Each structure stands twice: as structure tokens, then as C-alpha cells.
There are 2 protein chains.
Amino acid sequence: MPKQHYPEVRALGLFSGMTDENFFALMRGAYVQNFPPQIELISEGEPSDFLHVVLSGSVDLFSQWNGRDTSLATVRPISTFILAATIKNAPYLMSARTLEKSRIVLIPSQDVRSIFDVDGNFARAIVTELAQCYRSVIKSQKDLKLRTSLERLANYLLRQQKRAGGGAAFDLDFEKRRLASVLGMTPENLSRAFKGLLPYGVSVEGTRITINDQADLERFARPNPLIDDFST
Amino acid sequence: MPKQHYPEVRALGLFSGMTDENFFALMRGAYVQNFPPQIELISEGEPSDFLHVVLSGSVDLFSQWNGRDTSLATVRPISTFILAATIKNAPYLMSARTLEKSRIVLIPSQDVRSIFDVDGNFARAIVTELAQCYRSVIKSQKDLKLRTSLERLANYLLRQQKRAGGGAAFDLDFEKRRLASVLGMTPENLSRAFKGLLPYGVSVEGTRITINDQADLERFARPNPLIDDFST
DNA sequence: TTCGGCGCTTGATATTTGTCAAGAGATGAA
DNA sequence: TTCATCTCTTGACAAATATCAAGCGCCGAA
């Protein structure tokens, strides 16, 4: 892997605390690759040969069963995915595909496990990362089990609004069919759900969302940090 | 904490690799307590003061929002819960209550974090545990998003059957209202779902389940290790 | 420019799931 | 034992969600 990419990988919480020696050892076997959109990077069930780090672009984690499929998460720079499979040396539970042109670092899982075994700081960093991932999935689980689709959409919009800076108008950051899948519904239903939020002051023009009455939407959505705050 | 309980805690994967010194340090601040059934041990949103270890009995992890509530997992001996919150020093995302009379070890979270910082083996053990938990939630997420309630029930029965030894007849290990909540449906619907599995040879008498045609049920359920095998 | 494809929307309809109310059956306490 | 309580079940109904089919509108290719 070219040295020019070292700093951005090194800056990740996961790699910032480890010794130079171990970091270089990890990078020695790693390589960076550019992928076009819609490339399936990994498929669920395969052995976890590489830990992936998204440097730019974005990646969709999804899963299929019995002819159905669902989006489970989106990975954005700069972060890793399939860390748990790498650590456990177990098959991937999710497939991954690029959503756009993406630059991705591939680190051999074997190297990650070897260095994990000898570098306490690295092990601790992994713990922090995994704990974060775990809590995110729990939040998403609560979102799915405790809320109706309309409530999930409303809260998603509030989260997205905050991510986009907090203004009344903002853009969805991916296509609606994927949003529908993430929220656990069909594209048709997402359309209707947007209509269902109209009484609460949400207007939609293509990918542009405007929240006309913040308080009203929040009164309906009842956002909760234990579900919606993905930073803790 | 009385020394007599040390061995069973020590035997846990989480604690087996650490030094004696650090283990004793952890146990010094810990204590064992017996709880009657239906006691709420922790409430979501509270600061995570203690890492919990279930020695006997069982504990329900659940969550509430806007008047609704749902069971997310059941903790059985011998294992820990709320490890992620402890590590991140973040609020609990789930509440916990005893399902039956239970003996539980409480280890101050502060101590866990301190020792985590200095004991690489402990940190590595925590990684393994967290990775396992993470993958379990992902599986459960896939179960929820990719399957209908009937399919979830069918696969649950197959999993439970295996846990119970694999015989055609076995018992449910908790009451149906909780099972319904775990599976993401109402008790009424669970009743109907059991009826819906009758054509596939599933008969129910109270808490006793009999699978009369294994192949038929499996043909319908289509169990998948990437969803149903909680050991990997 | 025109055409075809694709994503999105809409309506009609079916299916699934939840809600409410009532009753059966089991369990535990007095 | 009897009563009270609780879970589970059932039926009728309502609400949510999915499916199917059609049409709209945008965008890129010819």
C-alpha cells in the first residue's frame, strides 16, 4: 500500500494508539483499491479475509434471505466494516457493495488478528469500536421493534437534518429505495409515509426535504437519545 | 464478594485469561446478590455503574418507548450483560429484569475500565465477547427484517429444538407473551402463528411443542446459519 | 432531439398484523 | 375448596403494510 495513504488510516481511532512498528506491519500487507459504483465487495457467508476501511465514497451493507433483501447500514469515510467477522475469523454476516466510486483499504484479517494478539492498545481500540457498533445495532433494533414505519421515517428525517447541519431544508443522502430498505419498508410505502408526514409540516421535492414545523414534527416523532443519538 | 464464587466467574471466557492480580482486584469491589423474580435490575438511560454477570436464573433485556415495550434478549448463566455500556461509560440502552430467582455478580464498571486499560488479555477477551454480541444482534436484525412473523416463529422453534437436544418434542423455555415480544409480535398473533404452523406438522400443548414432520417444517422455515446459528 | 430505461409515485387490492373484547384454562392464596 | 388473577386463546374488526399494475418524470444514449 502506498505510503501516502498511511496518515488518513493512521488517524482512525482504531489505529491511532498502536505502535509504529505494528502499524507498519499491518500496512505492509494492506492495499488500497478504487472501486466503481455498485460493485459487490464481499458476500455474506464468505470467510472474512480482509478488514475493510472506507477512505472515500460509501458502502452499503445488506443481506439476503429467501429472495428478499434488506439494507442494514451504510458505511461512510473514514471507518471500517466487518471488524467483528475479522476478529472472530468467522464468515461475513452481511454483503457489501459500493454505492458510489469508492477508495477502500483492504487489510488481511490474519494480520489484524496477529497484531491484535500482541498489541494491547490495538485491542483496546478495537473494543471501543466494537462497543460503538454494538450499541448502534441495538439502537436500530429498538427503532425497528418499537416504532411504526411513519415514526421511523420521522425520526430518520430528524437525524438526517441534524447531520446536514440542522437547517429546515436538507437533502436525503441516498436514494429512496435504499432509504425504504434501511427503514424496513417497501419503496411504495415510503412514498405514502412521506405523504403521511405532510400534516406535520414535512414537504418533499425529489431528494430535498423541508421541515416547516420543527416542533410539530418532533412532537410526533418523539426522538430519543437512546435510539436516535448514534454518537453515544 | 465471597471467595466461593470466584471459580465460576473466573471460568468465564471474559475473565479466564487475565492475571490473578487483576482478577482479584476486580473481585474485590464486586458483590454477589440474590434477586427474586421480576425485579428490575437496571433501567435504560441510567449510567452504567456495574457490569453484571448472571450466575444462575435468567434475565430479560427489554426496552420501552412511547408506551410500547419489547424484549430484546434473554441472558442465561453464565454470561455477562451490558458490557458495551460499561466499556464506553455510556448510559444503558436496555433495561433488565430477572425472569426468575437469580444470582448475579455486580462488578463496578469503573474497575472493569481500569483493568481493561492495563490488562491486554482482558481487553482481548472483551473483544471476543463483544464481537460475539455484535454478531448476535446482526443476526437478530436480519431475522426481523427478512422474515415474516410466521417464518420467525418456525425458525425459533427449530433453534429451540436444537438447544433442547434435538428431539421431536421439547418445551418452550419462557412464557408465550415474552416469546411474542422477542419475535416482534403480539401474544394474540403468536397464538395464530402457532395455528399457522399446524399444516407443517407443529403441534402445541401448553408449553410443549412437537415437531411431527421435521423436513416439512424446515422446508418452510429455511433456517440459515448466517441468521440462526448463534454459536458463530 | 427522441427514445428507452429507471426510479418514483399512485391507486386498487390483498395480506399481514394489531386492537379490543370476551371467555377458557391454569395457578396460587385464603 | 373457592375465589381471584393471570395467561392464553379466539373472534370480530381495524389499521398497517405489501403487492400488483399503471403512469409520470427525469436522465442518458442514440
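Chain letters run A, B, ... following the sequence lines, proteins first and then strands; every chain starts at 1. Predicted model only: the values in this text are computed from it and were never measured.
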Whole-Å distance separating the CD atom of B:E175 from the P atom of D:dC6: 12 Å
From CG of B:L198 across to P of D:dT10 the rounded distance in Å is 10 Å
Ion pair check, B:E188 and B:R177, cut-off under 4.0 Å: no
Whole-Å distance between D:dA18 C1' and A:R68 CZ? 11 Å
A:N189 CG to A:T186 OG1 distance, which is reported to the nearest 0.5 Å: 4.0 Å
Using the C1' atoms of the five pairs at each end, what is the angle between the end axes of the helix from C:dT1-D:dA30 to C:dA30-D:dT1, to 10°? 30°
Whole-Å distance separating the CD atom of B:E205 from the C1' atom of D:dT9: 15 Å
With a cut-off of under 6.0 Å to the ring centre and 45° to the axis, is B:R103 in cation-pi contact with B:F35? no
To the nearest Å, give me how far apart CG (A:L153) and P (D:dA16) are. 15 Å
Mark up nucleotides 10-18 of chain C, 5' to 3', with B wherever a protein heavy atom is under 4.0 angstrom from a base atom, S wherever such an atom reaches only the sugar-phosphate, and - elsewhere. BBB----SB
Dump every N/O contact between nucleotides 24-30 of chain C and the protein below 3.5 Å, one line per pair.
none

When you check the gap from the basic side-chain N to the acidic O, do A:D229 and A:K162 get nearer than 4.0 Å? no
Sequence neighbours left out, what pairs pass salt bridge (charged side-chain N to carboxylate O under 4.0 Å, His left out) with at least one residue falling in residues 209-226 of chain B? B:D216-B:R219
Could you check how far CZ of A:R177 sits from C1' of C:dG5, rounded to whole Å? 13 Å
Restricting to salt bridge (Lys or Arg N to Asp or Glu O under 4.0 Å), what partner residues turn up for A:R178, sequence neighbours left out? A:D60
Measuring centre to centre across the rings, with the benzene-like ring taken for any Trp, is A:Y134 within less than 6.0 Å of B:Y134? no
Just jot down the salt bridge (Lys or Arg N to Asp or Glu O under 4.0 Å) partners of A:R135, sequence neighbours excluded, or say none. none
Would you verify whether the NZ or CZ of A:K176 falls within 45 degrees of the ring axis of A:F194 while also being under 6.0 Å from that six-membered ring's centre? yes
What I want to find out is whether B:R76 reaches B:D173 closely enough, with some N-O distance under 4.0 Å, to be called a salt bridge. yes
Evaluate side-chain contact (heavy atoms from CB on, under 4.5 Å) for B:F220 paired with B:L197, printing each intermediate quantity in order. CA-CA 9 Å; B:F220 169 74; B:L197 288 181; 3.8 Å; yes
